[in-house]
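Here the structure is laid out as structure tokens; the discussion comes afterwards.
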Amino acid sequence: MKYLLTLLLGIVSGAFVAIGLLYFNPLTSESRISPLSVSDSQQLSLGFSAVAGDAIIYTNDGESRVPPYPERVLQLWEASIRDTDAMVTMLRNGRNETAGIGVKFSSPSESTRLLNGEVLEHSVWYVYLPGQGTMLIEQTENHWNFLREIVVPAHWNSGDSWRGNWNGTITSGPGALGTGWVHGGSGVFRDLESEAIEMLKATAYSAETGPVAVDGQIIVDLPARNAALNEP
Amino acid sequence: MIKAYISGMVLGVVAVITALYFVPAVDLSREASIISVTPNGGNSEVFHVNVPMDRIMIGAAGMENPVPEGMRWPDEALLAGTRAELFKLRNSRDTVVGVASRFAARDAELGDVVEWVLHLPARGSVYAKMSAAPTNGGRVGRLRAGTREFGDLLGNISERWIADDSPNATTGTGKIELVTRFVSTQVDDDDFETEPGP
């Protein structure tokens, strides 16, 4: 009997060791340098708040950590969209002026592989910049670093919160260099095919209600014909 | 005793790694696609939105009763001519299969813009540009871009408002029907006649 108990204790210890190895594995950390930082092209920067309560609307299945906003918004409880988040938010340009409006749909990806440090989501941004144009940004996002460095420490903290200064790129594809793809629609973006990334800057997170102070930034690489957009 | 403990540890490590390798962390719910093959080799799919039941959001400047209740549409002159809507999207069996956004804007620089994004979590997304002017009670448009399953497609999409004319129906109830007609880019473009779009 005592051998069986020892074996069980060993199995539990082994499971914790495996989870620990996975969690602390330095090989699964992604580079925080933007792949677009080495681009020669000009870039369009669009900022937004990643806090649900700052959005025009934010909705999910209503049972997730982040509560829908406003309270009476329709929830996505049906089986096929239960894991999907939808957000409509204001977008600001590099001078912190209102630039337009963005809609983001995101759903978890079945390509998620925790062993490889991949917590993946497929997302699309629809961006409308009045007077400029429209575009769709297609991304695969990897939230592993965000989970590992913010969400898990927030749960470990006795105050159920995390405070600090975290900057990271969450875009990990589908472009070969870890960039998302941009498909221009109207205006100056008409027929544009380019690349983009989404970055997050977090300073506060609650284990109970999700992001408290998290700003997002979309950076779109602009080929020469669109470069004038970002000039003052 | 120590051998049992070490054997247990190894078993524990192997069990966790095996579970993480073989058990999918994400298993999305899928509805069978209801696709019909068109004579030209493409395929067609019909989606719809029940209004007002599936409307998640409608925002526009000066709107007295925005949806959802409590939403604050930004009071920005920049968005004066913009109407943004979010919906749940249903297939022809009336089952919710995704979410969709529709933007309609009267823009001094861009002219009239009407665009849809359909997001079907297990399949991908569709970005469609619609014609500015309605024709035959609806609009036609073209697939500007698709992601994942829709990534290698080209084709048309049409939208049509079908009012609910049952005796108990109230004003503004009905459905928006969206019909997609896509063909793979692997097919010779000449075989696929696209309807005029924007």
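Numbers restart at 1 for each chain; the letters A, B, ... are given by sequence-line order, proteins then strands. None of these values were measured; they are calculated from a predicted model.
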Just do the side-chain hydrogen bond (donor to acceptor under 3.5 Å, both in side chains) check on A:Glu138 and B:Thr147 with the steps written out, would you?
-> CA-CA 7 Å; A:Glu138 147 185 26; B:Thr147 75; 4.6 Å; no
Does atom [atom1] ([X]) have a neighbourhood of more than 12 heavy atoms from anything else shown, all under 6.0 Å?
X: A:Glu71; atom1: CD; result: no
X: A:Trp77; atom1: CH2; result: no
X: B:Asp75; atom1: CG; result: no

Tell me, with the steps shown, if A:Tyr128 and B:Ser101 meet side-chain hydrogen bond (donor to acceptor under 3.5 Å, both in side chains).
-> CA-CA 12 Å; A:Tyr128 168 54; B:Ser101 72; over 6 Å; no
With respect to chain A, which residue among [options] yields the maximal number of heavy-atom pairs within a distance under 4.5 Å?
options: B:Leu120, B:Leu86, B:Asp27; value: B:Leu86
options: B:Ile2, B:Val13, B:Val117; value: B:Val13
options: B:Val14, B:Ile56, B:Asp54; value: B:Ile56
options: B:Leu110, B:Val10, B:Val16; value: B:Leu110
options: B:Glu109, B:Glu69, B:Glu31; value: B:Glu69
options: B:Ile6, B:Val26, B:Leu11; value: B:Val26

Counting heavy-atom pairs under 4.5 Å with chain B, which one of [options] comes out on top?
options: A:Gly100, A:Ala79, A:Ser111, A:Ser106; result: A:Ala79
options: A:His122, A:Met90, A:Arg113, A:His183; result: A:His122
options: A:Leu136, A:Thr112, A:Val73; result: A:Leu136

Quick one: what part of [X] sits under 4.5 Å from any heavy atom of chain B, side chain, backbone, both or neither?
X: A:Ala86; result: side chain
X: A:Gln75; result: backbone
X: A:Leu22; result: side chain

Are any of the side-chain nitrogens in B:Glu115 or A:Arg190 under 4.0 Å away from the carboxylate oxygens of its partner?
-> no
Taking side chain as everything from C-beta outward and backbone as N, CA, C, O, which of these in [X] sits under 4.5 Å from a heavy atom of chain A? Side chain, backbone, both or neither.
X: B:Ile17; value: both
X: B:Arg55; value: backbone
X: B:Ala100; value: backbone
X: B:Arg72; value: both
X: B:Thr95; value: neither
X: B:Val113; value: side chain

Can you find a pair of side-chain heavy atoms, one from [X] and one from [Y], that are under 4.5 Å apart?
X: B:Met53; Y: A:Leu74; value: no
X: A:Glu110; Y: B:Pro24; value: no
X: B:Tyr127; Y: A:Thr134; value: yes

Return each pair, listed once, that meets ring-ring contact (aromatic ring centres under 6.0 Å, His included) where at least one residue sits in residues 92-111 of chain A; pairs must be two or more places apart or across chains.
-> A:Phe105-B:His119
Can you sort out the partners of B:Phe103 under ring pair (Phe, Tyr, Trp, His ring centres under 6.0 Å), two or more places apart, ordered by chain and number?
-> A:Tyr126
Between [X] (side chain only) and [Y] (backbone N and O only), is there a donor and an acceptor less than 3.5 Å apart?
X: A:Arg72; Y: B:Gly70; answer: no
X: B:Lys129; Y: A:Gly185; answer: yes
X: B:Asp107; Y: A:Gly131; answer: yes

Partner of B:Leu28 by side-chain contact (heavy atoms from CB on, under 4.5 Å), out of A:Ser80, A:Ser109, A:Pro108 = A:Pro108
Begin with the C-alpha distance, continue with both residues' side-chain angles, and end with the deciding distance and a verdict on side-chain contact (heavy atoms from CB on, under 4.5 Å) for A:Val88 and B:Met57.
-> CA-CA 9 Å; A:Val88 181; B:Met57 184 197 108; 3.7 Å; yes
All heavy atoms of B:Leu79 vs all of A:Pro130, minimum pair found to be CD2-CG, 3.9 Å
If you look only at distance, which donor and acceptor atoms sit under 3.5 Å apart when one is on a side chain in residues 1-18 of chain A and the other is two or more places apart or in another chain?
residue : atom : partner : partner atom : Å
A:Thr6  : OG1  : A:Lys2  : O            : 2.6
A:Ser13 : OG   : A:Leu9  : O            : 2.8
A:Ser13 : OG   : B:Tyr5  : OH           : 2.9

Let me see the working for A:Ile81 and B:Leu89 under side-chain contact (heavy atoms from CB on, under 4.5 Å), right down to the final yes or no.
-> CA-CA 10 Å; A:Ile81 55 172; B:Leu89 186 68; over 6 Å; no
Exercise: do A:Thr98 and B:Glu76 side chains pair donor with acceptor under 3.5 Å = yes
Name, in order of residue number, those residues of residues 56-65 of chain A that have a heavy atom at a distance of less than 4.5 Å from a heavy atom in chain B; otherwise write 'none'.
-> A:Ile56, A:Ile57, A:Thr59
If you measure from NZ on B:Lys88 to OG1 on A:Thr84, what distance do you get to the nearest 0.5 Å?
-> 11.0 Å
